[in-house]
Amino acid sequence: MTELAETITERRRQTRKSIYKYLFCAETSRSKQEIASDLSLSMPTVHQNLSELFQAGFIRRDGMQQSTGGRRAMRLTIAENVRFAVGVSITEDRLRFLAVNLRMQEIAYKNVKLDVSEVNAIGLRLSEELETFLNENGLNRTKLLGVGIAIPAVINVELGKIALAPTLHLKDISLSEITKYLNYPFYVSNDATSGGYAEWYTQPEQNRMAYLSLEGGVGGAVLLNGAPYEGDNRRSGEFGHMCIEPNGLICKCGKRGCLEAYCSASRISDDLGITLEEFFEGLELQNPSYRALWHDLLLHLSIGINNIRMALDCDVILGGFLTQYLEPYLSEIRRIAAELNTFDNNADYIKLCRYPKRASTLGVALYFINEFIENI
Ligand SMILES: [Zn+2]
């Protein structure tokens with residue numbers, strides 16, 4: 001192909017992608033006229049591209065609209081169920097499977113209990129459970145874009161290794177131990193980075209953000225211009241192991257005083273031998289020891305958040321499943337954080353996430369949805 005022909009092909013591809021992306025991002029269906037006017041494209045160009053997208057089955061009609069001239073304008077949207085992606089999260093006691101369509105809507109979910117001893121043979125178990133999950137939900141494998149796997153670990157993709165996963169008690173193992181039995185395209189990412197990505201993806205107007213994930217472990221991600229900022233060793237955003245209390249509580253990483261040791265969901269559930277629901281019920285009933293523990297957690301959380309704000313000067317989004325319980329305490333967290341801060345009078349930069357549940361599985365599945373859109 002000549003250079004000119006290549007340029008024309010590439011330009012056409014970009015136009016097709018921009019039309020698809022426009023329909024993907026639109027909350028409601030759109031007419032041809034709206035596409036042409038909003039994207040500053042000519043009607044013949046829009047018509048040609050829509051025909052191609054129709055033919056490929058990537059867009060669909062979505063009702064009609066009465067136009068001013070009395071003619072009915074066709075409404076269009078993406079064909080959201082033409083493909084799907086699966087996100088899997090591995091934690092110390094569970095495997096979670098989430099299948100989402102191209103609109104990021106959940107089409108199936110399952111969580112499977114895992115024995116600690118199984119972590120070493122996780123690859124085979126994961127693959128078997130994935131096949132069961134696909135079968136049980138009648139999911140068509142030919143539509144499966146890929147399987148994303150979120151792990152609470154520092155991952156080195158180039159070396160194909162998990163450098164460290166304190167909560168899984170894994171160190172320096174090959175990623176292929178986890179992926180070698182999979183029959184689909186796969187992608188492995190840190191769980192908190194995936195969660196942050198899901199939050200950013202649905203609010204792309206947010207240019208930069210720090211994401212602090214509060215689950216059994218505490219992690220995070222820094223997103224700049226929509227991409228995770230990884231750092232030299234892919235350890236950026238490992239907020240859980242910031243020291244916030246010298247000689248403080250012991251952390252799963254072996255050090256003392258880490259944010260994770262103070263603010264993980266485990267501290268107020270597993271470590272007490274109760275569920276999170278039981279903890280918050282007790283807290284509401286003014287259980288004095290729960291109240292003291294909760295106050296300590298909020299104080300250290302606010303210190304950690306303020307440090308993140310000091311280092312990065314951007315919004316701090318609180319994510320992870322503990323966040324489901326934080327709304328009543330958000331004003332207190334903001335108050336403590338604002339008091340600690342040299343520059344800010346308030347801490348409105350602290351926000352709660354959109355996806356307290358399943359963010360990491362959604363985020364890691366999004367990798368394939370994004371790839372699909374980019375290559376449409
Ligand atoms: Zn630590």
Side-chain angles (χ1 to χ4, degrees), residues 89-94 114 116 119-120 122 150-156 161-173 188-196 210-223 228-273 276 279 292-312 316-323 326 333 336-337 340 350 353 359-360:
S89 98
I90 304 176
T91 59
E92 55 190 323
D93 64 346
R94 272 174 212 284
L114 209 59
V116 180
V119 168
N120 288 315
I122 192 76
I151 315 181
V154 176
I155 296 163
N156 188 324
K161 279 192 160 183
I162 289 180
L164 181 69
T167 54
L168 300 179
H169 310 289
L170 296 176
K171 197 177 176 182
D172 223 13
I173 71 151
V188 185
S189 177
N190 170 275
D191 61 344
T193 305
S194 304
Y211 176 77
L212 176 61
S213 170
L214 305 165
E215 302 215 332
V218 174
V222 178
L223 286 119
Y229 165 73
E230 297 185 318
D232 289 345
N233 306 288
R234 297 202 166 72
R235 297 196 291 252
S236 101
E238 282 288 344
F239 303 128
H241 304 288
M242 288 195 303
C243 180
I244 40 128
E245 191 72 71
N247 298 316
L249 297 177
I250 192 127
C251 178
K252 278 183 182 150
C253 72
K255 302 289 179 194
R256 283 188 175 273
C258 295
L259 184 65
E260 176 167 304
Y262 286 84
C263 301
S264 74
S266 304
R267 190 182 180 207
I268 53 169
S269 56
D270 303 345
D271 294 359
L272 303 176
L276 276 181
F279 177 83
L293 187 56
W294 185 239
H295 177 75
D296 190 63
L297 187 151
L298 291 185
L299 174 66
H300 287 94
L301 176 61
S302 306
I303 293 171
I305 294 170
N306 183 54
N307 289 351
I308 296 169
R309 172 75 172 180
M310 281 296 171
L312 298 171
V316 178
I317 315 291
L318 304 183
F321 59 73
L322 186 59
T323 307
L326 289 184
I333 296 168
I336 306 171
L340 291 167
I350 305 173
C353 67
S360 59

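Keep in mind that what you see is a predicted model, and the values were worked out from it rather than measured. Remember, it's 1-based here, ligands and their atoms both numbered in the order they're listed. Here, residue 1 is the first one in the sequence, and each next residue gets the next number.
- Contact between P152 and I90 at its shortest, heavy atoms only, is CD-O, 3.0 Å.
- Surrounding CG of N247 are at most 12 heavy atoms belonging to other residues, nucleotides or ligands under 6.0 Å away.
- Sorted by first and then second residue, the pairs that involve residues 237-264 and meet ring pair (Phe, Tyr, Trp, His ring centres under 6.0 Å), not counting sequence neighbours, are Y262-H300.
- Note on E260 versus K255: no salt bridge recorded, every NZ/NE/NH1/NH2 to OD/OE distance being 4.0 Å or above.
- Minimum heavy-atom separation, L272 to I268: CD1-O, 3.8 Å.
- The two residues D191 and A150 make their nearest non-hydrogen contact at CA-CB, 3.9 Å.
- Distances under 2.8 Å from the Zn ion (ligand 1) pick out the protein N/O/S atoms H241 ND1, C251 SG, C253 SG, C258 SG.
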